[in-house]
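Input: a single structure, listed below in structure tokens.
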Amino acid sequence: MPLVPGSRTVAAPARTRLVAAAAAAATVSAGLGLRSVAGGEVAKYGGDALYTVMLLALVVVVAPRTTPPRAAAIALAASWAIEFLQLGPLPAELARRSAVARLVLGSTFNAPDLLWYAVGAAVGWCVHAVIRRSGPPRSSSRPTSR
């Protein structure tokens, strides 16, 4: 891929994966921290948004060259799919058996969650775009002229 003069491009995949993994861990920590200091709707809906941010970070871990809009779309689609899965009995049954399943899959459908997942995807998109632009420029095999 040629380097456009004056542009900055994606960092090396290994660095991108490391930053994304750190972001996923920080997002989980933020979610746990939010639950420990806030309650009610703030904790619930903030957690929903952070859930999608974490999924976006995991998408970038798996596919480090993913563009911000694509990563956000994948994370949002996964969040919505899991929420709609809660319309059936499986997540509730798994949640009764496992705290991890309850954290990952939830247990009951809640339509407002869909909005907060979209908020998380939008925030994650913006953060991913800023980080992606701020990375070191990638070298090009073609010289650039100025």
Side-chain angles (χ1 to χ4, degrees), residues 1-140:
M1 210 184 288
L3 181 66
V4 177
S7 73
R8 298 179 80 76
T9 58
V10 182
R15 179 180 176 274
T16 301
R17 282 189 170 105
L18 183 60
V19 170
T27 303
V28 169
S29 294
L32 294 172
L34 180 63
R35 289 225 172 217
S36 71
V37 300
E41 291 183 353
V42 170
K44 175 165 182 13
Y45 296 127
D48 289 344
L50 288 169
Y51 182 82
T52 303
V53 170
M54 182 208 53
L55 288 179
L56 187 148
L58 293 176
V59 167
V60 176
V61 168
V62 172
R65 296 185 192 273
T66 302
T67 64
R70 179 169 287 186
I74 292 168
L76 181 58
S79 296
W80 281 355
I82 291 167
E83 189 67 29
F84 282 112
L85 183 65
Q86 294 170 4
L87 289 169
L90 182 62
E93 179 58 34
L94 293 173
R96 279 192 287 278
R97 295 179 185 193
S98 165
V100 173
R102 185 173 46 255
L103 289 171
V104 173
L105 298 176
S107 60
T108 56
F109 179 81
N110 184 30
D113 290 353
L114 301 172
L115 169 68
W116 291 101
Y117 295 141
V119 169
V123 169
W125 176 343
C126 292
V127 171
H128 183 200
V130 167
I131 291 171
R132 185 177 167 122
R133 272 189 244 122
S134 69
R138 192 182 331 171
S139 63
S140 173

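No more than 12 heavy atoms of other residues, nucleotides or ligands lie within 6.0 Å of CZ in Arg70, so this atom counts as exposed by the packing criterion.
Rounding to the nearest 0.5 Å places OG1 of Thr16 at 8.0 Å from CZ of Arg132. In this structure, Thr27 OG1 and Leu32 CG are separated by 11.0 Å, a value rounded to the nearest 0.5 Å. Taken from OH in Tyr117 to CG in Leu76, the straight-line distance is 10.5 Å, to the nearest 0.5 Å. Atoms CZ and CZ, on Arg102 and Arg97 in that order, are 13.5 Å from each other to the nearest 0.5 Å. The CD atom of Glu83 lies 7.5 Å from the OG1 atom of Thr108; values are rounded to the nearest 0.5 Å. Going from atom CG of Leu105 over to atom CD of Glu93 covers 12.5 Å, rounded to the nearest 0.5 Å.
Here the shortest heavy-atom pairing between His128 and Val60 reads CE1-CG2, 3.7 Å. For the residue pair Ala121 and Leu56, the shortest heavy atom distance occurs at O-CD1, 4.2 Å. Here the closest heavy-atom approach between residue Pro13 and residue Arg65 is recorded as CG-NH2, 3.2 Å. The two residues Thr52 and Ala75 make their nearest non-hydrogen contact at O-CB, 3.6 Å. Of all heavy-atom pairs spanning Leu50 and Ala30, the tightest one is CD1-C, 4.0 Å. Residues Ala101 and Leu94 share a closest heavy-atom pair of CB-O, 3.6 Å.
Residues Asp113 and Lys44 have side chains in contact (heavy-atom distance under 4.5 Å, counting atoms from C-beta outward). Contact of the Phe109 side chain with the Leu114 side chain is registered, since non-hydrogen atoms from C-beta on lie closer than 4.5 Å.
When atom types are taken as modelled, the side chain of Ser98 and the backbone of Ala95 share no donor-acceptor pair closer than 3.5 angstrom.
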Practice prompt. Kindly determine whether Ile82 and Tyr51 satisfy side-chain contact (heavy atoms from CB on, under 4.5 Å), including the steps that lead there.
Written response: CA-CA 11 Å; Ile82 291 167; Tyr51 182 82; 3.2 Å; yes
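Between Tyr45 and Trp116, the ring-plane angle classifies as parallel under the 30° and 60° cut-offs.
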